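I have placed the structure first, in the form of structure tokens, so that the comments after it can refer back to it.
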Amino acid sequence: MASLVAFHTQMLFCSRRDGRWNARSRGVFMASAHGSSVPTKVGTQDRPSAPRDFHIQVTHSLPPKKIEIFKSLEGWAESNILVHLKPVEKCWQPQDFLPDPSSEGFYDEVRELRERSKEIPDDHLVCLVGDMVTEEALPTYQTMLNTLDGVRDETGASTTPWASWTRAWTAEENRHGDLLNKYLYLSGRVDMKQIEKTIQYLIGSGMDPGTENNPYLGFIYTSFQERATFISHGNTARFAKQHGDLKLAQICGTIASDEKRHETAYTKIVEKLFEIDPEDTVLGFADMMRKKISMPAHLMWKIADLTGLSSEGNKAQDFVCTLASRIRRLEERAQAKAKQAPTMPFSWIFDRKVQL
């Protein structure tokens, strides 16, 4: 069977720029290999480093007239995007799934959790830690969203629908890392200090997914990103259930449900952009694909049906429409290589070895 860790990390692979893995990607796993807590593609100094990109960073690529499109969509976003948020009082919280520290049975509940977690194999455990580290890098993702022209939170408490979405999305996502972190801490199966160092390195290094302060590119990126994390958490839930930890399966499945809801919102935004500005949206889509976003086929958005495009738009359309077959071939090669993957120690699990 192909390496579980290799398969799982592929679900988190969303963006790569010239060999540098970004946050929420395979790089978080390499942070633990070789018994090191330092991501091999992020930085090896004693302090967090700036993103080490080998390309010219493009900024503010959105023309002013296009910014007006997003301002004109504020009413639409209010009605169609904010509805995908849940009121805080109706949201689950991490404590709903964890032993209650105020109860007399707290220690018994912790012992039960630890017993259940003993059945989780090391390769599954590494995947779970990867999910958690990914979620804990939330400050990086909020920062990215707040670089996008026309939709950023200009004051930190802006009342625009775009800013309201970003803050509330961040608040909902914040529960994911909290829950997984506490669960892994209580399990006793992982080296929390090494994991904590990984998180600090990851956040300190930042990321450049190539979105250029451009909301066309930014929302295309987040649509794929949410899809990747939905798949990843769903896989982890299935693995946990197979090994008898039904509580962990419930936790991962609940998080996956959140990611799916968020994916729906970001997908709606991109679909709206295709509706009102197909030319620049398909150009943006092709640009992000060239920047190596892995593309689930169901997110094609009927690109093949677009009409009235310029010659440049038609070239972008042709490029995107031929990607699915290319990605399938790459996937087959990756799976074949994974079967011969080496075993390596992971500091996250006290340097025990797993197959990559």
Side-chain angles (χ1 to χ4, degrees), residues 4-5 8-9 12 21-52 94-95 97-99 101 106-107 109-141 143 173-207 229 232-233 236 239-240 245 247-248 251-252 255 343-356:
L4 171 65
V5 174
H8 185 83
T9 56
L12 286 176
W21 300 107
N22 287 324
R24 282 200 147 175
S25 74
R26 300 184 202 184
V28 299
F29 290 86
M30 295 309 297
S32 178
H34 307 288
S36 168
S37 64
V38 183
T40 59
K41 293 289 186 181
V42 173
T44 56
Q45 292 78 19
D46 291 333
R47 62 171 182 254
S49 59
R52 298 185 300 163
Q95 190 53 54
F97 301 91
L98 297 167
F106 174 69
Y107 294 106
E109 291 178 35
V110 172
R111 276 191 289 272
E112 290 173 7
L113 184 156
R114 293 167 77 93
E115 285 299 314
R116 290 195 308 271
S117 74
K118 286 180 181 178
E119 302 302 318
I120 304 296
D122 280 347
D123 53 355
H124 291 63
L125 201 60
V126 168
C127 293
L128 181 61
V129 174
D131 284 341
M132 185 268 278
V133 171
T134 294
E135 297 294 345
E136 292 282 44
L138 182 62
T140 299
Y141 321 135
T143 297
E173 289 277 336
N174 186 64
R175 301 167 303 147
H176 302 169
D178 283 352
L179 175 52
L180 293 174
N181 192 311
K182 290 172 183 174
Y183 188 91
L184 285 164
Y185 169 80
L186 291 173
S187 77
R189 294 283 315 278
V190 300
D191 188 332
M192 288 303 299
K193 184 171 181 177
Q194 294 299 329
I195 293 169
E196 288 159 358
K197 288 167 67 177
T198 297
I199 295 167
Q200 186 174 355
Y201 273 112
L202 191 60
I203 296 174
S205 294
M207 75 169 183
T229 50
S232 183
H233 288 296
T236 310
F239 300 150
D245 194 336
K247 178 58 72 173
L248 179 58
I251 286 171
C252 296
I255 294 173
T343 59
M344 301 187 73
F346 271 71
S347 65
W348 295 344
I349 53 173
F350 303 101
D351 290 332
R352 296 192 298 273
K353 291 184 177 182
V354 298
Q355 186 183 19
L356 292 178

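What you are looking at is a predicted structure, and each value in this text was computed from that prediction instead of being measured.
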Look up atom CD in E136 and atom CG in N174, then write down how far apart they are to the nearest 0.5 Å.
8.0 Å
Under 4.5 Å between any side-chain heavy atoms of W348 and V133, yes or no?
yes
Taking R352 for its side chain and D122 for its backbone only, find out whether a donor-acceptor pair lies under 3.5 Å.
no
For E135 and H233: C-alpha separation, side-chain torsions, deciding distance, then whether side-chain hydrogen bond (donor to acceptor under 3.5 Å, both in side chains) applies.
CA-CA 11 Å; E135 297 294 345; H233 288 296; 2.8 Å; yes
Can you check side-chain hydrogen bond (donor to acceptor under 3.5 Å, both in side chains) on Y183 and D178, steps first, answer last?
CA-CA 9 Å; Y183 188 91; D178 283 352; over 6 Å; no
Before giving the answer on side-chain contact (heavy atoms from CB on, under 4.5 Å), spell out for L184 and V129 the whole-Å C-alpha distance, their side-chain angles and the decisive distance to 0.1 Å.
CA-CA 8 Å; L184 285 164; V129 174; 4.1 Å; yes
Quick check for you: to the nearest 0.5 Å, what is the distance between F106 atom CZ and L98 atom CG?
9.0 Å
Just so I know, are the side chains of M132 and I195 near enough to count as touching, which here means a heavy-atom distance under 4.5 Å?
yes
So does T229 get a backbone contact from the side chain of S232, meaning a donor-acceptor N/O pair under 3.5 Å?
no
What's the spacing between L248 CG and S117 OG if we round to 0.5 Å?
9.0 Å
Please tell me if the side chains of E112 and P99 come closer than 4.5 Å, counting only heavy atoms from C-beta onward.
no
Looking only at heavy atoms, which two atoms of T134 and Y141 are closest? And how far apart?
O-OH, 2.6 Å
Nearest atoms (heavy-atom pairs only) where P94 meets L179
O-CD1, 3.6 Å
Take a 6.0 Å sphere around OH of Y185 and say whether it holds more than 12 heavy atoms from other residues, nucleotides or ligands.
no
Nearest non-hydrogen partners of L128 and C252, listed with the distance:
CD1-SG, 4.0 Å
Which residues pass the side-chain hydrogen bond (donor to acceptor under 3.5 Å, both in side chains) test with R114, sequence neighbours left out?
none
How far apart are the C-alpha atoms of Q355 and D123, what are their side-chain angles, what is the distance that settles it, and do they pass the side-chain hydrogen bond (donor to acceptor under 3.5 Å, both in side chains) test?
CA-CA 7 Å; Q355 186 183 19; D123 53 355; over 6 Å; no
Just one of I251, I255, D131 clears the side-chain contact (heavy atoms from CB on, under 4.5 Å) bar with T236, so which one?
D131
To the nearest 0.5 Å, atom CD of E173 lies from atom CG of L138 at 6.5 Å
List in chain and number order the residues that pass side-chain contact (heavy atoms from CB on, under 4.5 Å) with P139, two or more places apart in sequence or in another chain; answer none if no residue qualifies.
I203
E115 meets the side-chain hydrogen bond (donor to acceptor under 3.5 Å, both in side chains) criterion, sequence neighbours left out, with K118
From R189 CZ over to L113 CG, what is the distance, rounded to the nearest 0.5 angstrom?
11.5 Å
Is the closest side-chain heavy-atom distance between E196 and M192 below 4.5 Å?
yes
Residues L125 and I120: closest non-hydrogen pair is N-CG2, 4.0 Å
If I take atom CE from residue M344 and atom CG from residue D351, how far apart are they, to the nearest 0.5 angstrom?
11.0 Å
